[in-house]
Colleague: 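Input: one structure, supplied below.
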Amino acid sequence: MKKSSKKGKKIIIIITIVIILILVLGFFLFEYYKYKNNSKERDKEYHNLEKVIENITLKEDKIEYGTTLSCQELLNNINLEDKNIKMSITINNLNIEKLEYQFKKVGDIKINITLSKEYKYQLIRTYKENLIVKKELKIKVEDTEFPVIKGFKDKEIMVGDKIDLNDGIEATDPIDGELEVKIDRSVDTNKSGTYEIKLIAEDLNGNKTEEKFNVVVKEKPQVTPKPSVSNSNQNNTTNKNNNTNNNTNNNTTNNNVPKTDKSTMEGRLYLAREEAKKVVKNIIKPGMSDYDKALAIFNYLHNNVERQTNQSTEAYKTNFGNEAYAALVMKIAACSGFCKAVTLLCNEAGLQSKHINENAWSHQWNLVLINGEWIVLDSQAGIFGGTKHPLEE
């Protein structure tokens, strides 16, 4: 009996152990099954994230320097219908998801996009895993805007006068703001001549703008005192001798008045011719065609001479607006003054010209012979080319 009892107990123990082992094994098999299913779900969520981030692209692969954009303006196909997906967009370590970013550096800029989602699964306990996918895009930032230089124009001074070449000149860039203007070449105010001044402005990205203007340094007119008048025969004889000597002097007229005396019409014409020689020497280059010469004369007068609106007789007494002197020396003239200046400049440049409506109280202009054809040159009105003036139409 005792032996049967002991044997029965052993069998019960063995059966109990087997049952426990079966339960434990079943539990682990069940957990493993759940783990495999969760792995499939996790992989599915991860692939969904990859699809979302793959669809995100740049709206443009190039952008202008200084442009400010939000991520919505920068990127296409931002589809975050799943509210559990979190997005992070960084440019130069700055998160711009809810901000705007200004592109103030030229070259290739990296845009880093990160999508993340928390994934939970239950085994023996609840587990959490952060699914993360990343993508890098590149956008090229270009600076196509060049600085703008303003406030420069041709200037005219007399020998010995002072001049500030920077006066009124400024340079700006749409993004970089006010810039320094560098001046290439100086003016010797003690020596007459035409000096070409080059202005240079450079923005932060190396874009350079260059402009030029001329400074004309003129000799001061030499005024010769008039001889005193005497009733004596000796003085009369002396005056006659002086007149004879003055006639051989290139700087005076037959009336003992200096050729450079602007109070006389002859003096003003002389000064205008001298100025015409300087202008032609400066603007007409060797090898230029007749057309290019005429165009250079047109551009010089149109860009450097103002239009005199007061054309009364009284105004002409002061401004000489109907003379070439007004246009070439004073830089303000009526249409007749423009035309006479064109005539002097064309003569110096070896061109044939006609003065249309000369001495008429109507608009006046020039015709210039180019390759056997007379074309219109109206430097005051800004009309160059064609065989008919608009007023003739």
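Just so it is clear, the values below take in all heavy atoms, side chains as well, and ignore hydrogens, waters and symmetry mates.
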Colleague: Between E323 (side chain) and Y325 (backbone), is there a donor-acceptor pair under 3.5 Å?
Modeller: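 Such a contact is absent between E323 side chain and Y325 backbone.
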Colleague: Is there a donor in the side chain of T264 and an acceptor in the side chain of D261, or the other way round, less than 3.5 Å apart?
Modeller: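 No, no side-chain donor-acceptor contact under 3.5 Å.
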Colleague: Taking everything shown except M288 itself, do over 12 heavy atoms lie less than 6.0 Å from its CE?
Modeller: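 Counting other residues, nucleotides and ligands, CE of M288 exceeds 12 neighbours.
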Colleague: Of the non-hydrogen atoms in S116 and I132, which two are nearest, and what is the gap between them?
Modeller: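 Answer, listing the atom of S116 first, then I132: CB-CG1, 4.1 Å.
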Colleague: For K155 versus D164, what's the shortest heavy-atom pair and its separation?
Modeller: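 Smallest interatomic distance, heavy atoms only, reads NZ-O, 3.4 Å.
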Colleague: Counting neighbours of CD on E73 that are heavy atoms of other residues, nucleotides or ligands and sit closer than 6.0 Å, is the number greater than 12?
Modeller: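 Yes, the 6.0 Å shell around CD holds more than 12 heavy atoms from other groups.
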Colleague: If you measure only the distance, is there a donor-acceptor pair under 3.5 Å linking the side chains of N205 and D143?
Modeller: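 Looking only at side-chain atoms, D143 and N205 do form a donor-acceptor pair, the distance falling under 3.5 Å.
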Colleague: I'd like to know if I85 and I89 are part of one continuous hydrophobic network [Ile/Leu/Val/Met/Phe/Trp/Tyr, side-chain heavy atoms within less than 4.5 Å].
Modeller: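 Both belong to a single hydrophobic cluster.
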Colleague: Regarding T144 and E64, is there a side-chain donor-to-acceptor distance under 3.5 Å anywhere?
Modeller: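 The criterion, which ignores hydrogens and geometry beyond distance, is satisfied for E64 and T144.
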Colleague: Under a plain distance cut-off of 3.5 Å, with no hydrogens placed, do D378 and H302 share a side-chain donor-acceptor pair?
Modeller: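 The answer is no; no qualifying pair exists.
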Colleague: Run V52 and N48 through side chain to side chain contact (heavy atoms under 4.5 Å, CB included) and show every step you take.
Modeller: CA-CA 6 Å; V52 172; N48 287 338; 5.6 Å; no
Colleague: Between D176 and L204, is there a donor-acceptor pair closer than 3.5 Å when you use the side chain of the first and the backbone of the second?
Modeller: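 Confirmed, D176 side chain pairs with L204 backbone.
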Colleague: Using the salt bridge (Lys or Arg N to Asp or Glu O under 4.0 Å) rule, take K140 and D61 through it: C-alpha gap first, then chi angles, then the decisive distance, then the call.
Modeller: CA-CA 6 Å; K140 188 171 185 179; D61 58 356; over 6 Å; no
Colleague: Is there a side chain to side chain contact (heavy atoms under 4.5 Å, CB included) between V305 and S379? Walk through the geometry before answering.
Modeller: CA-CA 9 Å; V305 182; S379 53; over 6 Å; no
Colleague: Between Y65 and D203, do the side chains contain a donor N or O and an acceptor N or O under 3.5 Å apart?
Modeller: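 Distance-only check fails for D203 and Y65.
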Colleague: How long is the gap from NZ on K208 to CG on L179, to the nearest 0.5 Å?
Modeller: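 The NZ atom of K208 sits 13.0 Å away from the CG atom of L179.
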Colleague: Minimum heavy-atom separation for S336 and Q364, please, with both atom names.
Modeller: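 In this case the closest contact between S336 and Q364 is CB-OE1, 3.4 Å.
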Colleague: F103 vs Y101 aromatic rings, parallel, tilted or perpendicular, using cut-offs 30° and 60°?
Modeller: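 The rings of F103 and Y101 stand perpendicular, inter-plane angle above 60°.
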Colleague: If you draw a 6.0 Å radius around NZ in K331, do more than 12 non-hydrogen atoms from other residues or ligands fall strictly inside?
Modeller: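 Yes.
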Colleague: So does E142 have more than 12 non-hydrogen atoms from other groups sitting under 6.0 Å from CD?
Modeller: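 More than 12 heavy atoms, drawn from other residues, nucleotides or ligands, come within 6.0 Å of this atom.
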Colleague: Please give me the minimum heavy-atom distance between T90 and N95, naming the atom from each residue.
Modeller: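 The pair with the smallest heavy-atom distance is CG2-CA, 4.0 Å.
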Colleague: With a 4.5 Å cut-off on side-chain heavy-atom distances among I, L, V, M, F, W and Y, is there a chain of contacts connecting V217 to L271?
Modeller: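 Different hydrophobic clusters.
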Colleague: Is the ring pair H389/H363 parallel, tilted or perpendicular, if the boundaries are 30 and 60 degrees?
Modeller: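 Taking H363 first and then H389, their aromatic rings sit tilted (interplane angle of 30° to 60°).
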Colleague: Might you confirm whether atom CD of E100 has over 12 heavy atoms from other residues, nucleotides or ligands at distances under 6.0 Å?
Modeller: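 Yes, the 6.0 Å shell around CD holds more than 12 heavy atoms from other groups.
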Colleague: Does the N77 side chain pair with the main chain of N55, one donor and one acceptor, at a distance under 3.5 Å?
Modeller: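 It does hold such a pair.
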Colleague: Going only through I, L, V, M, F, W and Y residues with side-chain contacts under 4.5 Å, is there a path from I183 to I157?
Modeller: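 Per the 4.5 Å side-chain linkage, I183 and I157 are co-clustered.
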Colleague: Is it the case that atom CG in N371 sees more than 12 heavy atoms from other parts of the structure closer than 6.0 Å?
Modeller: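 Count not over threshold, so no.
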Colleague: What distance separates I109 CD1 from L137 CG, expressed to the nearest 0.5 Å?
Modeller: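 Atom-to-atom, I109:CD1 and L137:CG are 13.0 Å apart.
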Colleague: Should I283 and V279 count as side-chain neighbours, where that means a heavy-atom distance under 4.5 Å?
Modeller: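 Yes; the side chains approach each other to less than 4.5 Å.
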Colleague: Would you check, one step at a time, whether the test side chain to side chain contact (heavy atoms under 4.5 Å, CB included) holds for I113 with L75?
Modeller: CA-CA 10 Å; I113 305 171; L75 302 174; 4.1 Å; yes
Colleague: Do T189 and D161 meet the criterion of a side-chain donor-acceptor pair at a distance under 3.5 Å?
Modeller: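 No pair is found: no donor N or O on one side chain lies under 3.5 Å from an acceptor on the other.
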Colleague: Is there a path of hydrophobic side-chain contacts, each under 4.5 Å between heavy atoms of I, L, V, M, F, W or Y residues, that connects I13 with I22?
Modeller: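 The answer is no; the residues belong to distinct hydrophobic clusters.
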Colleague: Please answer: with hydrophobic residues joined when any side-chain heavy atoms are less than 4.5 Å apart, are W374 and I356 in the same cluster?
Modeller: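 Yes; I356 is reachable from W374 via cluster members.
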Colleague: Tell me which one of L49, L115, D43 satisfies side-chain contact (heavy atoms from CB on, under 4.5 Å) with L131.
Modeller: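 One option only clears the test, and that one is L49.
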Colleague: More than 12 heavy atoms of other residues, nucleotides or ligands under 6.0 Å from NZ of K51: yes or no?
Modeller: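 No, not enclosed.
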Colleague: What are the two closest non-hydrogen atoms of N366 and C339, and how far apart are they?
Modeller: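 Where N366 meets C339 most closely, the heavy atoms are OD1-CA, 3.1 Å.
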Colleague: Short question: side chain of K212, backbone of K198 - any donor-acceptor pair under 3.5 Å?
Modeller: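 Not a single qualifying donor-acceptor pair exists.
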Colleague: Hey, mind stepping through F298 and F338 against ring-ring contact (aromatic ring centres under 6.0 Å, His included) and telling me if it holds?
Modeller: CA-CA 10 Å; F298 166 81; F338 274 85; 9.9 Å; no
Colleague: Going by atom types only, do S192 and E219 share a side-chain donor-acceptor pair under 3.5 Å?
Modeller: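 A donor-acceptor contact under 3.5 Å links the two side chains.
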Colleague: Step by step, work out the salt bridge (Lys or Arg N to Asp or Glu O under 4.0 Å) result for E275 and K218.
Modeller: CA-CA 9 Å; E275 185 63 22; K218 292 188 170 186; 3.3 Å; yes
Colleague: Do you know which two heavy atoms are closest between I96 and C71, and how far apart they sit?
Modeller: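 Looking at all heavy atoms of both residues, the closest pair is O-CB, 4.0 Å.
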Colleague: Can you list the steps and then say if I200 with V181 is a side chain to side chain contact (heavy atoms under 4.5 Å, CB included)?
Modeller: CA-CA 6 Å; I200 304 171; V181 179; over 6 Å; no
Colleague: For the side chain of T209 and the backbone of P147, is there at least one donor-acceptor N/O pair under 3.5 Å apart?
Modeller: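 Answer holds: yes.
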Colleague: Salt bridge check, E348 against K277: does any charged N sit closer than 4.0 Å to a carboxylate O?
Modeller: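 Looking at K277 and E348, the cut-off is not met.
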Colleague: Taking atom NZ of K278 as the centre, report whether more than 12 heavy atoms of other residues, nucleotides or ligands fall under 6.0 Å from it.
Modeller: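 Correct, the count exceeds 12.
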Colleague: Does R185 make a cation-pi contact with Y195, if we ask for NZ or CZ under 6.0 Å from the ring centre and within 45° of the axis?
Modeller: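 Geometry flag: not set, cation outside 6.0 Å or 45°.
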Colleague: Is there a donor-acceptor pair under 3.5 Å between the side chain of T67 and the backbone N or O of I63?
Modeller: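 Here the side-chain-to-backbone pair does not exist.
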